[in-house]
Structures are given as C-alpha cells and as structure tokens.
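See structure below.
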Amino acid sequence: MNNKKINIVNSSGVSEEVDLVTYLVSEDNQSKYLVYTKGEKQGDAQDQIIYISKIVGDNKLDEITDDIEWSQVQKLLKVIANA
C-alpha cells in the first residue's frame, strides 16, 4: 500500500504517524471513522493489518467498543467493498 501519511492521537493520548487507507461516515452523518495501517503484516501471506477507529476530535481517535456500532461500521465497509 502506498497511502498518505497522517498524524493521529490514539485513545491513550499518544501521537503516531500512520498510513491513511480511507475514512467512513455513518449513515446518519453523526459519526466518522478512520481506516488506517501502521505497515504491520501478519501470517504466511504477509497480509497487512488494518485498523478502524472512531474520530472523536481533531486527529484524535477512540476504539470502537460497542457491538452495535461495530456492526454499523462493518455495513459501511461492505458498501465500499461492493462498489
């Protein structure tokens, strides 16, 4: 992946540079999510690890811990995958 580098602040308050993959907006336009990678790979196929976090402030991210919210994010991802 050759993505744009951005700086984020994670839920612990630590700033880090990551590769932007895309962003998502909820169907009600109330929530925004960032899809990004840190360049990490896993498994025999060396698949890239992708992270998805909720945007809660200016470049500040929070984990998605609610199962209903996570289901909604998965629906948004399916729309992109099927486009």
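Predicted, not measured: the structure shown is a model, and the values here were computed from it.
For the side-chain contact (heavy atoms from CB on, under 4.5 Å) test, residues two or more places apart in sequence or in another chain that qualify with Ser12 are Asn10, Val14. Taking Lys32 as the reference, nothing meets the salt bridge (charged side-chain N to carboxylate O under 4.0 Å, His left out) condition, with sequence neighbours excluded. With sequence neighbours left out, Glu27 forms a side-chain contact (heavy atoms from CB on, under 4.5 Å) with Leu76.
Note that the CD atom of Glu40 and the CD1 atom of Ile50 stand 10.0 Å from one another [nearest 0.5 Å]. Atom CG in Leu24 sits 11.5 Å away from atom CD in Gln74 (nearest 0.5 Å). The CD1 atom of Ile49 sits 4.5 Å away from the CD atom of Gln42 when rounded to the nearest 0.5 Å. Atom CG of Leu77 sits about 4.5 Å away from atom CD1 of Ile52, to the nearest 0.5 Å.
Put simply, the side chain of Leu61 does not reach to within 4.5 Å of the side chain of Tyr51, judged on heavy atoms. Residues Val18 and Thr37 form no side-chain contact, since every pair of their non-hydrogen atoms from C-beta on lies 4.5 Å or further apart. The shortest side-chain heavy-atom distance between Tyr36 and Ile6 does not fall under the 4.5 Å cut-off.
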(message) Could you walk me through whether Lys5 and Asp19 satisfy the salt bridge (Lys or Arg N to Asp or Glu O under 4.0 Å) test, starting with their C-alpha distance in whole Å, then the side-chain angles of each, then the deciding distance to 0.1 Å, before giving a yes or no?
(response) CA-CA 5 Å; Lys5 299 255 186 216; Asp19 292 316; 3.0 Å; yes
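Neither Leu34 nor Val9 shares a network with the other; the hydrophobic side chains, linked directly or stepwise wherever heavy atoms of I, L, V, M, F, W or Y lie under 4.5 Å apart, form separate groups for each. Ile64 and Ile68 are members of different hydrophobic clusters when ILVMFWY side chains are connected at heavy-atom separations under 4.5 Å. Cluster annotation: Val35 is not connected to Val56 through the hydrophobic network of ILVMFWY side chains, with a link wherever side-chain heavy atoms come within less than 4.5 Å.
Residues Val25 and Asn29 approach most closely at CG1-OD1, 3.4 Å, considering heavy atoms. Minimum heavy-atom separation, Glu69 to Ser31: OE2-OG, 4.5 Å.
Counting non-hydrogen atoms of other residues, nucleotides and ligands closer than 6.0 Å to NZ of Lys38 gives a total above 12. The neighbour count for Asn7 CG, taken as heavy atoms of other residues, nucleotides or ligands under 6.0 Å away, is above 12.
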